[in-house]
Amino acid sequence: MTRPEVERLSAIFCGIDWAEGHHDIALVDQDGSQLAKLRISDDSAGFHALLELLARHGDSVEDLIPVAIETPRGLLVAALRATGRTVYSINPLAAARYRDRGSVSRAKSDAADARVLANILRTDRHAHRPLPADSEAGQAVAVLARAQQDAVWDRQQMVNRLRSHLREYYPAALTAFHGSGKLGLDSAHARAVLAAAPTPASAARLTRSQLRALLTRAGRLRRGIETEVERLREIFRAEHLHQLPLVEEAMGRQASALIQQVNAACSSVTDLAAATEEAFLAHPDADIIISFPGLSVLSGARVLAEIGDDRSRFTDARAVKAYAGTAPVTRASGRSHVVVARTVKNQRLAGVGYMWAFATLRTEAPRTHYDRRRAGGERHTAALRNLFNKLLGCLYYCLQNRTTYDPERAFPVPLTLAA
């Protein structure tokens with residue numbers, strides 16, 4: 001923000017202390033004097049009361065009063081953003097430090113917290129970043145991509161619970177279905193067999209025809225059905241330790257309930273993945289993002305969900321890299337000078353970035369860059385982080401200039417100096 005823009009800032013600042021059932025509002029002027037305070041309900045009536053309060057203090061379409069609040073989500077934030085005003089999401093830890101600046105007694109109230117938030121805009125607005133003005137399509141992709149990622153994590157948590165439970169009474173199931181994917185407990189074949197035979201005794205009684213029918217209904221196998229049937233029969237009929245019969249039956253009931261939860265988690269992952277891909281492919285940035293090597297439709301949607309489609313959100317590529325955690329942090333004091341990896345970052349973007357960089361190692365230019373970093377003494381993680389850093393800078397350039405990925409420009413061949 002330039003100095004003329006700062007000078008044209010609103011003379012009134014609004015702070016909102018958010019709560020589940022109500023919100024406290026505070027308005028301050030340029031001198032820090034509190035002009036008004038109000039408690040509103042968390043509904044449409046409360047929102048209209050807020051708009052009326054702002055209007056009485058000069059709020060207009062040409063000069064909208066900025067708002068500071070401690071959360072970037074929720075209906076209140078969405079409604080405020082829909083009015084076109086600038087909304088700042090203040091980190092609660094930062095707000096607590098500002099509170100200590102105004103009072104040493106550690107007194108706290110919702111009304112005082114709202115006033116603190118308003119004063120943050122009055123004194124340090126330039127140091128805080130407003131919420132990005134992402135498009136409706138971009139926000140929809142963000143909701144679906146994050147929900148799909150959460151569903152993947154929930155599925156893994158449920159599979160871990162099922163594995164831990166089976167270990168207590170059903171070791172044959174862990175031998176039969178190990179790992180993840182086609183042969184793991186989250187596979188359709190494992191869930192079908194375990195749902196039909198939740199105990200070792202019932203699994204040992206399964207005939208070849210029953211196993212063949214279960215595997216066929218679950219879907220196609222890489223290996224032959226008959227080979228898999230014989231493998232499972234051999235495992236289920238082998239000698240294993242057993243719980244007492246009634247205890248084993250009870251634990252089988254618990255396993256059936258866990259399998260149902262795993263089924264629901266797997267269905268959620270599949271449905272949300274399809275919805276995410278559909279929404280992402282309809283976005284105008286999709287062709288640019290998936291033109292990069294290593295990015296599938298789903299991983300590309302996750303990248304878009306975190307960087308958004310507001311091109312003014314980041315001032316330059318360095319800002320995006322810092323947001324993703326790929327830019328290092330320098331700590332210099334006196335004779336000490338240390339460069340370390342950034343830990344405060346967008347964890348979702350950093351996570352998909354690691355997978356993105358790893359997937360590009362199958363491509364010649366990124367692989368050459370990675371090998372060069374490794375030859376220079378960097379460890380695997382550091383080299384991948386540097387590769388992600390470079391890819392992210394290229395993506396920022398491509399999105400700003402509306403162009404697709406070009407490997408020759410992204411990874412130019414280094415020039416060798418003549419002797």
Side-chain angles (χ1 to χ4, degrees), residues 132-135 137-138 140-142 144-145 149 273 276-328 341-342 345-346 348-376 378-418:
D134 292 328
S135 66
V141 171
L144 291 171
Q149 180 70 78
T276 302
E277 292 177 355
E278 180 182 359
F280 173 68
L281 291 175
H283 195 279
D285 291 345
D287 292 338
I288 297 176
I289 294 176
I290 61 178
S291 68
F292 279 73
L295 279 181
S296 63
V297 175
L298 192 56
S299 58
R302 292 178 181 173
V303 171
L304 177 62
E306 302 311 319
I307 66 174
D309 56 5
D310 180 8
R311 298 283 80 88
S312 62
R313 178 179 184 179
F314 303 102
T315 56
D316 52 25
R318 294 179 62 184
V320 185
K321 296 174 181 179
Y323 183 66
T326 60
R342 189 180 296 265
K345 56 190 174 184
N346 184 312
R348 290 180 184 268
L349 182 56
V352 70
Y354 183 89
M355 295 187 296
W356 176 15
F358 189 80
T360 59
L361 296 182
R362 302 176 181 176
T363 311
E364 181 179 359
R367 181 72 195 202
T368 302
H369 179 84
Y370 168 84
D371 291 339
R372 189 184 307 119
R373 303 294 299 194
R374 291 284 282 157
E378 289 187 358
R379 293 181 179 271
H380 169 72
T381 304
L384 275 186
R385 184 169 56 246
N386 183 274
L387 177 58
F388 175 39
N389 185 72
K390 191 170 185 62
L391 290 169
L392 202 56
C394 296
L395 178 61
Y396 176 83
Y397 173 85
C398 291
L399 290 174
Q400 292 289 342
N401 295 276
R402 308 305 303 170
T403 182
T404 56
Y405 169 79
D406 183 0
E408 294 183 357
R409 300 188 66 180
F411 297 92
V413 178
L415 298 177
T416 56
L417 298 177

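Note that the structure is a prediction, hence the values are computed from the model and not measured. Just so it is clear, the values below take in all heavy atoms, side chains as well, and ignore hydrogens, waters and symmetry mates.
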List the steps, then state whether side-chain contact (heavy atoms from CB on, under 4.5 Å) holds for F280 with I289. CA-CA 10 Å; F280 173 68; I289 294 176; 4.0 Å; yes
Would you please say whether a donor-acceptor pair under 3.5 Å links the side chains of S299 and S296? yes
Have N401 and T403 got a donor and an acceptor in their side chains that come within less than 3.5 Å? no
Roughly how far apart are R379 CZ and T381 OG1, rounded to 0.5 Å? 9.0 Å
In Å and rounded to the nearest 0.5 Å, what is the OH to CZ distance from Y396 to R311? 8.5 Å
Do F388 and T360 have side-chain heavy atoms sitting under 4.5 Å apart? no
So, taking the atom named CG in L304 and the one named CG in L295, what distance separates them when rounded to the nearest 0.5 Å? 11.0 Å
Ring geometry between H380 and Y370 (parallel below 30°, tilted from 30 to 60°, perpendicular above 60°): perpendicular
Where is the tightest heavy-atom contact between G393 and A317, given as atom of each residue plus distance? CA-CB, 4.3 Å
Would you say T276's side chain and L144's backbone share a donor-acceptor pair under 3.5 angstrom? yes
Between F314 and I307, which heavy-atom pair has the shortest distance, and what is it? CE1-O, 3.7 Å
For the CZ atom on R409, are there more than 12 heavy atoms of other groups (residues, nucleotides or ligands in this structure) within a distance under 6.0 Å? no
Any cation-pi pair here, K345 with Y323, using under 6.0 Å and within 45°? no
Could you give the distance from CD1 (I288) to CG (L399), rounded to the nearest 0.5 Å? 5.5 Å
More than 12 heavy atoms of other groups within 6.0 Å of Y354 OH: yes
Write down the atom of P284, the atom of R402, and the distance for their closest heavy-atom approach. O-NH2, 3.2 Å
Interatomic distance, L387 atom CG to R374 atom CZ [nearest 0.5 angstrom]: 12.5 Å
Determine whether a donor-acceptor pair (N or O, by modelled atom type, separation under 3.5 Å) exists between the side chain of D310 and the backbone of D134. no
Which heavy-atom pair separates L384 from A357 by the least distance, and what is that distance? O-CB, 3.6 Å
Closest non-hydrogen atom pair between P366 and P293, with its separation: CG-CG, 4.4 Å
Could you tell me if R302 and Q149 have a donor-acceptor pair between their side chains, going purely by distance under 3.5 Å? yes
Working to the nearest 0.5 Å, report the span between CZ of R342 and NZ of K321. 12.0 Å
